[in-house]
Amino acid sequence: MKFYPAKTFLTAALTLTLLTSAHSAAQTVQRGGTLQLAVDQSPVGLDPHVATAFSTFVVTGQVYEGLLDIDASLKIRPLLASKYTKSADGLRYVFTLRPGVRFHNGDPLSAQDVVFSMDRVKDPKTASPLASRLSSVSDIKATGPLEVTFVLSKPFAPFLSEVATISIVSKKYVEGGGNLQRSAVGTGPFAFKQWVPDTFLELSKNAAYWVKAQPYLDSLKFNIVPDASTRQIGLQSGAYQFLPNIDASVAATLKTAPGVQLLRSQDLAYSLMGVNVSRKPFNDPRVREALNYAINRPELVQGVYFGDAVPAGPLPPALRTYATPVSNFPCYATSAAKARDLLKQAGYPNGVDFSILTFSTIKTVADSAQVLQAQLAKAGFRARVDVQEFGSFVQNWRNSNFDAFVSLNGGSVDPDGHLYRGLISNGSTNVFKFADPVVDKLLEEGRNATSTGSRVRTYAQLQKSLACRGPMQFLAYGTLFSAARSNVKGFTPNPTRSLSTLKTTWLDR
Amino acid sequence: MLNYALRRLLDLLVVLFGVSVLVFLMIRLIPGDAVQILLGANTEVTPEQITELRGKLGLDQPLLTQYAGWLSAALRGNLGQSVWTGAPVSGEILSRLPVTLELTVLPLLLATTLAVPLGMLTAASHNSRLEQVIRFFTIAGITTPAFWLGTLFIYLAFVIAPGWPTIGYVPFRDDPAGHLSRMILPTVALALPMLAGLVRILRSSLLEVLGQDFIRTARSKGLTERSVLYRHALRNAMVPLLTVLGIQAGYLFGGAIVVEQVFAIPGFGRLVVGAINERNYALVQGAILIVTAGFVLINFVVDLLYAVVDPRVEYG
């Protein structure tokens with residue numbers, strides 16, 4: 001072996017420099033500056049209790065805070081509530097609010113604001129899509145100036161993760177006639193500054209934020225740029241510094257772009273195919289099992305996600321306590337022969353014809369439908385892909401007007417959130433018309449259980465019965481990518497798609 | 001002439017009424033209403049909440065009641081409120097219109113000013129090498145959509161001059177230089193396909209005129225070729241060009257909508273596309289009504305201009 005003293009020295013020096021610079025970069029936070037973000041859509045209003053679309057959430061997530069927060073490792077952390085206690089029977093939660101928190105208009109946060117916000121979400125007049133998250137709550141009252149007590153009608157295991165998603169708004173502001181759809185007053189690290197529809201939305205630093213010295217940036221500017229290639233060129237040219245939650249195909253092209261870094265995290269959202277079990281042939285569980293055998297998930301991961309995804313089971317691998325590895329599901333071993341066999345058993349020796357409803361606004365969704373069509377054809381499923389405008393898709397989806405559909409479901413940090421409303425008989429998103437007494441019983445057990453051990457057992461059983469013969473064919477959990485200029489520091493992506501760490505983000509200038 | 005103008009104005013009102021009915025029905029007949037869009041896929045709501053929300057937005061009324069309410073308000077100058085933000089629709093429309101008008105007028109001016117000399121050049125250099133070159137570019141121009149040119153331009157600008165602000169929009173009064181530097185590329189992207197079309201039309205119409213008897217007469221009088229082209233041929237060749245300009249202005253408006261998407265310019269098109277996607281009824285209705293009025297007016301003006309350009313045109 002030859003020895004190159006000069007090279008070794010150089011390498012050592014370089015490594016040292018890199019290490020020290022990385023070290024000092026982690027140490028010295030630079031303050032100030034505006035982070036230019038590019039997003040695809042204007043928010044559909046700013047009311048965090050009414051508009052729950054992602055385009056609204058990226059903005060309101062900076063302006064409002066909940067009692068609790070969910071961090072990047074999916075742990076529930078205190079936010080506006082500094083602590084909480086749970087009664088032994090699981091029916092009573094008492095939250096103690098952090099003292100000295102102020103809304104952006106200067107008013108102090110009190111227990112009354114929390115009660116007002118929760119009541120507002122529950123009130124049918126608000127028509128909040130979040131209302132059912134509080135369905136287990138029978139009473140909410142202020143039991144002190146900084147203490148709120150929730151009384152539940154029965155134990156509800158996902159309670160804390162559901163409460164974490166509800167923003168606390170200012171009672172005084174709303175009752176004084178403030179329009180939350182057009183303006184925003186919260187307690188968050190950034191305050192609403194101005195919104196020019198379809199152009200940009202600007203938030204400025206909350207100088208009185210309760211976390212000392214945060215946020216680091218002076219302002220956030222959400223530029224609304226509908227065209228994906230324009231956002232991409234804008235990031236590369238430096239016009240924008242941050243693209244939150246980009247598509248897998250865009251991420252693939254940005255991987256080698258100079259001056260750009262990709263920030264990644266596992267995604268809780270998953271692509272799925274769903275079938276209408278009230279229609280032939282999918283009323284037969286054997287046909288649903290055949291679908292699973294016909295689907296080649298690893299191929300789909302390669303073709304649609306460029307390898308940056310994992311085959312999906314009923315629960316995401318990010319929920320480590322609960323998720324069953326997909327290798328445990330026999331129907332995940334792709335076999336066209338097995339699928340044909342099952343179809344024959346179900347009385348379809350010549351295969352079946354059906355249509356797949358989907359939409360084009362999310363590229364991975366439309367691509368998945370195409371790949372599935374080809375994969376299923378090998379097993380005798382002759383699918384016609386019906387790509388509709390999103391509004392039409394939603395209507396047909398909600399009315400169960402489909403044989404099958406391909407879509408993307410947002411995830412939840414609790415297994416109940418993933419499975420309950422879509423699978424319980426007559427559930428609010430049970431568009432599959434699926435009704436199975438055993439599944440119903442397990443779903444109820446899962447949400448009402450008081451110990452984690454019994455929940456783990458319940459969800460293991462549920463995953464087993466849903467993976468192969470359920471109405472959903474789980475396809476893939478993608479990687480969640482955000483792209484940023486390389487001088488953007490301090491941002492940690494979160495599987496929930498929350499951008500809450502923008503408060504610790506700074507620009508290295 | 002005055003009679004004709006008045007009659008056409010009356011027609012205009014009938015057209016607008018018809019369009020208002022059509023638009024009103026169409027946006028409601030496409031599947032998925034405002035409530036569905038708001039809730040989207042994958043949210044948990046009860047049917048009671050959906051009914052509640054629909055009532056809140058006035059969508060539970062019979063169609064005729066909804067239409068009558070909208071029309072009577074519109075006649076009083078009130079185009080209604082945005083479903084989502086409650087802001088008056090007319091304000092949003094008026095704030096967007098100038099942006100798109102700029103994206104229609106600038107390319108129109110650029111294309112016409114270049115089209116006249118280029119068209120004459122091709123006609124004058126009939127059957128020459130130069131004409132072949134121009135023909136190649138005009139055919140390429142006609143077949144290349146503006147939005148594709150837009151993406152290409154953004155990319156080229158990034159490669160050639162990375163610091164040049166090309167994306168987005170700033171109002172002229174806030175930053176004139178920034179405004180213009182962002183308007184150059186979309187203007188050129190919109191003007192090129194139009195320019196190509198105009199050159200082709202002007203060329204063929206000039207060639208046709210140049211073959212006519214009165215041109216031969218002019219030439220035999222000993223007029224210079226220049227004078228024949230400018231004073232005799234061009235004026236006569238302008239009539240088909242005007243017709244096309246009227247139609248092209250409409251196309252430009254449509255093209256501007258797509259180009260706004262590419263360059264992230266908050267114009268009228270973005271407003272309408274967004275409003276349709278969100279089933280923001282009042283906004284769609286108001287916006288389309290105003291665009292239609294614009295179209296009909298342009299055609300009306302073009303018709304009147306015929307008489308100015310070509311004295312043989314008479315209106316009874």
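Excluded from the calculations below are hydrogen atoms, water molecules and symmetry mates; all remaining heavy atoms, backbone and side chain alike, are included.
- Contact count versus chain B (heavy atoms, under 4.5 Å) is highest, among A:Ile233, A:Val225, A:Val431, for A:Ile233.
- Heavy atoms from other residues, nucleotides or ligands lying under 6.0 Å from CG of A:Asn426 number 12 at most.
- Contacts between A:Thr361 and chain B at a heavy-atom distance below 4.5 Å are absent for every atom of the residue.
- Although no hydrogens or angles enter the test, the distance criterion places a donor-acceptor pair under 3.5 Å between the side chain of A:Thr230 and the main chain of B:Val262.
- B:Ile265 contributes atom CD1, which lies 12.5 Å from atom CG of A:Asp198 (distance to the nearest 0.5 angstrom).
- In this structure the side chain of B:Ile167 never reaches within 4.5 angstrom of the side chain of A:Arg231, judged on heavy atoms.
- Residues A:Asp227 and B:Phe147 have side chains not in contact (no heavy-atom distance under 4.5 Å, counting atoms from C-beta outward).
- Using a 4.5 Å cut-off between heavy atoms, B:Tyr155 contacts chain A through both its backbone and its side chain.
- Closest heavy-atom contact between A:Pro197 and B:Arg96: O-NH2, 2.9 Å.
- A distance of 11.0 Å separates CG in B:Leu152 from OG in A:Ser229, rounded to the nearest 0.5 Å.
- Distance CD/A:Glu389 to CD1/B:Ile276: 9.0 Å, rounded to 0.5 Å.
- Within the 4.5 angstrom heavy-atom criterion, no atom of A:Phe200 approaches chain B.
- For A:Gln388, no part sits under 4.5 Å from any heavy atom of chain B, backbone or side chain.
- Closest of all the heavy-atom pairs between A:Thr199 and B:Tyr169 is CG2-O, 4.4 Å.
- What you find for B:Ala264 and A:Ile224 is that their closest heavy atoms are CB-O, 3.9 Å.
- Among A:Ser42, A:Ser392, A:Pro124, the residue making the largest number of heavy-atom pairs under 4.5 Å with chain B is A:Ser392.
- Here the closest non-hydrogen pair linking A:Gly391 and B:Arg279 is CA-NH2, 3.5 Å.
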